[in-house]
> 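I'd like to ask some things about the structure below.
Throughout, a chain's letter reflects where its sequence line sits, starting with A, and its residues are numbered from 1. When reading the values below, keep in mind they use all heavy atoms of this one structure, side chains included, and skip hydrogens, waters and symmetry mates. Keep in mind that what you see is a predicted model, and the values were worked out from it rather than measured.
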Amino acid sequence: MHIAEGFLPPAQAAAWTAAAAPFVIHGVYSLTRAVRADPEAKLLLGASGAFCFVLSALKIPSVTGSSSHPTGVGLGAVLFRPPVMAALGTVTLLFQALLLAHGGLTTLGANVFSMAVVGPWAGYAAYRLVRALASRLPEQTSLGAGVFAAAFTASLSTYTITSLQLALAFPDAAGGVAGAFVKFATIFSITQIPLSVVEGLVTVVIVRLLSTVGRDQLLRLGVLRGRTADGDGGTGGADASDTAGRPQEPTIDRTPDGEATA
Amino acid sequence: MSTTTGDKASGAAPQTGADGGRPRAWATWALLAAAAAIAALPLLIGAGAHLEEPFSGADAQAEETVEEIAPSYEPWFSPLYEAPSAEIESGLFALQAAVGAGIIGYTLGVLRTRRKLRSGAPAASPAPDGNGPAPGTS
């Protein structure tokens, strides 16, 4: 999905940069706020950025006979909501633009917009939708389905936006923007379908690992819903055990019945 | 009733799904295997065999399409740094993946250790009110 350096006309490059900039600034703000609110979140924030780093470095073959790479932005969008990924995704894209000549500084805005803005938001929307639809299923199944949908949608929508960006910049002589979009989407989006499935599966694996070793963290982030006994009903459960323990507590025993009921 | 289920959960019982227990390991492995199979399938069926340059990058193909659609277009800016050879470029890609994988491994290690320490220390004493975990509720 990297639009190569200089491959967007200056006006469009500037427009995409202007479109992406507020999201990135807001993303940096959300990131610092998330860390300040919960310093322990640093660990998973780092992992979310790292996941994006790993996946976007891996070129995977596709059934179309070409190869491309996943984006890895779905994980962070689910764990920390999409704004944070605008910041973390930009770091990844900047690294690739500066050291790998993948993408570029002039096209950074457009690439950030597709991979770090639209991808995470589309993925997050898919996550919420699937979680709502699958709320009756066992928690691990529902979470897995939601995460898969998030990663799949984030990956595919990123590449579709890239196709659209290129089509807007280079309309086909015969087919116009729509014709060019079909050409670019054939290259990007069709190639990406199996890769999005791979990305979805790998993201589910990571979330399963995290929900085993980092159960508390995921519960605190609200990603993993506690069983009703643990979560909402948890207070009720605690009350129930309190009433059982109350007779042993001297203070309560001593209070007159009238005050206790009042 | 809630206390008993809570105790079971903290007692590392191998819970299976119904009430949202821990993920089962075999299913995680199956997901990984499926991902690997989908990634390897194009190579096995020779999806790129009919092409001059099999499995070329989609980014590069898009560049070619741009040149097809707009032959007169000249990129107006070039990368500040370009790896001098494919080997060095692949090295940098490997570095990128290694840094990412290292951080993820570190995170999983820290979380696992933390959970072990936590479940080792307090599981013995505060079962009654430790049921609603203090850090979670506060």
> Between Glu82(B), Glu89(B), Glu63(B), which shows the greatest number of heavy-atom pairs under 4.5 Å with chain A?
Glu63(B)
> On a heavy-atom basis, which atom in Arg114(B) and which in Gln217(A) lie closest, and how many Å separate them?
NH1-NE2, 3.3 Å
> Side chain, backbone, both or neither: which part of Glu64(B) has a non-hydrogen atom closer than 4.5 Å to chain A?
neither
> Relative to chain A, which segment of Phe93(B) carries a heavy atom at a distance below 4.5 Å: side chain, backbone, both, or neither?
both
> Excluding sequence neighbours, so at least two apart, what forms side chain to side chain contact (heavy atoms under 4.5 Å, CB included) with Val182(A)?
Thr186(A)
> Return the option, out of Ala94(B), Ser56(B), Gly57(B), with the maximum number of heavy-atom pairs under 4.5 Å with chain A.
Ser56(B)
> I'd like to know whether OH of Tyr106(B) has more than 12 heavy-atom contacts from other residues, nucleotides or ligands below 6.0 angstrom.
no
> For Ala50(A) and Ile104(B), which heavy atoms make the closest approach, and how far apart are they?
CB-CG1, 3.8 Å
> Is it the backbone or the side chain of Val66(B) that comes under 4.5 Å from a heavy atom of chain A, or both, or neither?
both
> Specify which of Ser78(B), Ala101(B), Ala83(B) makes the most heavy-atom pairs with chain A at under 4.5 Å.
Ser78(B)
> How long is the straight-line distance from CD1 of Ile206(A) back to CG of Leu108(B), given to the nearest 0.5 Å?
6.0 Å
> I'd like to verify something: which residue of Pro54(B), Ala39(B), Gly48(B) has the highest number of heavy-atom pairs under 4.5 Å with chain A?
Ala39(B)
> As an exercise: rank Val213(A), Thr141(A), Ile60(A), Thr64(A) by heavy-atom pairs under 4.5 Å with chain B and give me the winner.
Val213(A)
> Find the one option among Gly214(A), Pro194(A), Ala101(A) whose heavy-atom pairs under 4.5 Å with chain B are most numerous.
Ala101(A)
> Only heavy atoms, only distances under 4.5 angstrom. Which residues in residues 91-99 of chain A are near chain B?
Thr92(A), Phe95(A), Gln96(A), Leu98(A), Leu99(A)
> Please list, in residue-number order, every residue in residues 166-178 of chain A that has a heavy atom less than 4.5 Å from any heavy atom of chain B; write 'none' if there are none.
Leu166(A), Phe170(A), Pro171(A), Asp172(A)
> Phe7(A): which residues meet the ring pair (Phe, Tyr, Trp, His ring centres under 6.0 Å) condition with it, sequence neighbours left out?
none
> At a 4.5 Å cut-off on heavy atoms, which part of Leu31(B) comes close to chain A: side chain, backbone, both, or neither?
both
> Of the non-hydrogen atoms in Pro75(B) and Glu5(A), which two are nearest, and what is the gap between them?
CB-O, 4.1 Å
> Which heavy-atom pair separates Gly46(A) from Ile103(B) by the least distance, and what is that distance?
O-CG2, 3.7 Å
> Does any backbone or side-chain atom of Leu105(A) lie under 4.5 Å from a heavy atom of chain B? Answer side chain, backbone, both or neither.
side chain
> Less than 4.5 Å to any heavy atom of chain A: does that hold for the side chain of Ala70(B), its backbone, both, or neither?
side chain
> Between Ala97(B), Gly102(B), Ala58(B), Ala40(B), which shows the greatest number of heavy-atom pairs under 4.5 Å with chain A?
Ala58(B)
> At a heavy-atom distance under 4.5 Å, which candidate from Leu92(B), Leu32(B), Thr28(B) has the highest pair count against chain A?
Thr28(B)
> What is the minimum heavy-atom distance between Trp76(B) and Leu8(A), and which atoms define it?
NE1-O, 2.5 Å
> Under a 3.5 Å distance rule, please check whether Arg208(A) uses its side chain to pair with a backbone N or O of Arg24(B) as donor and acceptor.
yes
> If you take all heavy atoms of Met1(A) and Asp59(B), which pair is closest and at what distance?
N-OD1, 2.8 Å
> Is Ala27(B) in contact with chain A via its backbone, its side chain, both, or neither, using a 4.5 Å heavy-atom distance?
both
> Can you tell me which of Ser68(A), Ala4(A), Pro10(A) forms the most heavy-atom pairs within a distance under 4.5 Å of chain B?
Pro10(A)
> Given a strict heavy-atom distance threshold of 4.5 Å, which part of Leu100(A) is in contact with chain B: side chain, backbone, both, or neither?
both
> When you measure from the side chain of Thr107(B) to the backbone N and O of Leu44(A), does any donor-acceptor pair fall under 3.5 Å?
no
> Using heavy-atom distances under 4.5 Å, tell me whether Ser62(A) contacts chain B through its side chain, its backbone, both, or neither.
backbone
> What's the separation between atom CD in Glu199(A) and atom CD1 in Ile38(B), rounded to the nearest 0.5 Å?
12.5 Å
> Between CZ of Arg115(B) and OG1 of Thr212(A), what distance do you get to the nearest 0.5 Å?
7.0 Å
